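None of these values were measured; they are calculated from a predicted model.
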Amino acid sequence: MNNSLDPKSQQRYSVNPGAPVANPYNEQPTVMPKVGDKVGPNLIQELIGEGGSASVFKVWHGELEVVRAIKILKQGFKADARERFFTEAKILADIRHPNIIEIYDLDYTEQQVPYLELEFIDGVSLKDMLGKDSRMPFAAGLAIAYFISRALHYAHIKDYTLYGKIYKGLIHRDVKPENILISKSGDVKLMDFGIARPSEVSLHTVGAKVMGTLVYLSPEQMAGQPLDARSDIFSLGTVLYEMVTGNRAFPQKTLAEIVQKKSQGQYRSLSSFGRQFPEKLVRLLEKSLSVEPSGRHGTAEEMCAEIYSVFQEISDLSPHDVLTAYLRDPKSIPEWVPPEPSKQGGEAGAQPKSGLPWAIIATAAAGGAAIVGVLALLFMG
């Protein structure tokens, strides 16, 4: 029997000892574009955000002549990462809300890596805002929480079609400062639905793996227990706490410490910060940070209503106007001053609800008939 190989077989099976051997099990790396590169019709202008799973670029859409953002998956050839990415695309494509980032298209790079074409927000993330100013005025923090609670309420009650099935409601599962954008015009947007899932099913969860950013997760999410909309309410509570105190509710460094503190509801009390907080704000935070879901607001709509009630007590402006002013000049939003107790049981120094300036009314009270006549003319006019 002749065991020799024919020349073609010898050529096919020969190995160059000096050549590197490719590992067929290695995943192909995703090569990210650089400034000046084109991805589809989009010209890359700058990198504006980067996370563990994706990079976000500001781009110029040449065909439509508009500025957009594109989100490119880093683990473009990893099956579970692609599935989460496609799920986010399906969710965002079915959402139309002024406080949720909008999607325009899903496409592929030349490497066949998926990317999302998104609304570009000319502004900053809440993470960057907190990094710069640390603690925000109560009115500004409540305004942001108000808009995010509106977005969550919409997401929690909407019907979604995913993979051929209709689901009622969605849990975001990753509410944190990095995923909240504030535009220069005062618009607030919730983004990154990459690990969101329908309320009644668990998508893209492998074994006991917990997805999300630990310091903002609800106790039940960290424990791998069934979730509902109240998990997002807890996360938003931690964000609001951070905005109005300048400190994380759960700043612990290790997983074991975070789990222990959250499971026991141990966070730094507001009274320890050396300043007074509105009583309604204290109750709002205590309720949203309750260890048991049953102790929190039943819905994001309920939380939204309570946030707005607290906001109205400390500001005469609208939430949008407060944010616009704050972005223009943070010092333009005055700090909340506790009202002095009145002997008559009301608030000392409280201004009348009339439309006339308080200074004019006070002057009239001290100045006699001449000023009263001026006030009469104002009323008649």
Heavy-atom count check: over 12 atoms from other residues, nucleotides or ligands less than 6.0 Å from E302 CD? yes

Nearest heavy atoms of P114 and F86, plus distance in Å: CB-CE2, 3.8 Å

Closer than 3.5 angstrom, by distance alone: can the side chain of K58 be matched with the main-chain N or O of R68 as a donor-acceptor pair? no

Of all residues at least two apart in sequence or in a different chain, which pass the side chain to side chain contact (heavy atoms under 4.5 Å, CB included) check with E306? L284, K287, H297

Name all residues meeting the ring-ring contact (aromatic ring centres under 6.0 Å, His included) criterion together with F138; count only those two or more places apart in sequence or in a different chain, and write none if there are none. F277

So, are R135 and E335 salt-bridged, with charged N and O less than 4.0 Å apart? yes

Among all residues two or more places apart in sequence or in another chain, which pass the side-chain hydrogen bond (donor to acceptor under 3.5 Å, both in side chains) test with T245? none

Could you tell me whether the side chain of I233 reaches within less than 4.5 Å of the side chain of V175, counting heavy atoms only? no

N/O donor-acceptor pair under 3.5 Å between S235 side chain and Y216 backbone: yes

Does S332 reach the main-chain N or O of A325 with its side chain, forming a donor-acceptor pair under 3.5 Å? yes

Heavy-atom donor-acceptor pair, S288 side chain to L285 backbone, under 3.5 Å: yes

So, using ring-ring contact (aromatic ring centres under 6.0 Å, His included) as the criterion, who are the partners of F193 when residues are at least two apart? H172

Side-chain heavy atoms of E220 within contact of L227, under 4.5 Å: yes

Run the salt bridge (Lys or Arg N to Asp or Glu O under 4.0 Å) test against K158 and tell me which residues pass, sequence neighbours left out. D94

Check whether NZ of the Lys or CZ of the Arg K262 lies under 6.0 Å from the centre of the six-membered ring of F250 and within 45 degrees of that ring's axis. yes

Report the C-alpha distance between V310 and R283 in whole Å, list the side-chain angles of each, state the deciding distance to 0.1 Å, and finish with yes or no for side-chain contact (heavy atoms from CB on, under 4.5 Å). CA-CA 10 Å; V310 180; R283 292 197 296 269; over 6 Å; no

Are any of the side-chain heavy atoms of W336 and L281 separated by less than 4.5 Å? no

Would R197 and L162 satisfy side-chain contact (heavy atoms from CB on, under 4.5 Å), going step by step from the backbone distance to the final call? CA-CA 10 Å; R197 67 165 176 81; L162 292 172; over 6 Å; no

May I ask you to decide whether D192 forms a salt bridge with K71, counting only side-chain N to carboxylate O separations under 4.0 Å? yes

Given 3.5 Å as the limit, does a donor-acceptor pair link the side chain of S315 with the main chain of Q312, or not? no

Among Ile, Leu, Val, Met, Phe, Trp and Tyr joined by side-chain contacts under 4.5 Å, find the other residues sharing a cluster with V35 and list them by chain and number. none

Test side-chain contact (heavy atoms from CB on, under 4.5 Å) on L92 and L118; report intermediate values, then the result. CA-CA 10 Å; L92 288 177; L118 302 166; 4.2 Å; yes

Those residues at least two apart in sequence (or on a different chain) that pass side chain to side chain contact (heavy atoms under 4.5 Å, CB included) with P330 are D133, Y326

Under the side-chain hydrogen bond (donor to acceptor under 3.5 Å, both in side chains) test, which residues partner D321, sequence neighbours left out? S318

Taking the side chain as everything from C-beta on, heavy atoms only, tell me whether N179 gets closer than 4.5 Å to T213. no

Just jot down the ring-ring contact (aromatic ring centres under 6.0 Å, His included) partners of Y146, sequence neighbours excluded, or say none. Y308

Applying a strict under-4.5 Å side-chain criterion to I, L, V, M, F, W and Y, I'd like to know whether W60 and L64 cluster together. no

For N99, enumerate each residue passing the side-chain hydrogen bond (donor to acceptor under 3.5 Å, both in side chains) test, keeping only those at least two apart in sequence or located in another chain. none

Any heavy-atom pair between the side chains of K74 and S53 that's under 4.5 Å? no

Just jot down the side chain to side chain contact (heavy atoms under 4.5 Å, CB included) partners of A81, sequence neighbours excluded, or say none. L73, Q75, K78, R84

Taken in chain and number order and not counting sequence neighbours, the residues that satisfy side chain to side chain contact (heavy atoms under 4.5 Å, CB included) with A229 are H156

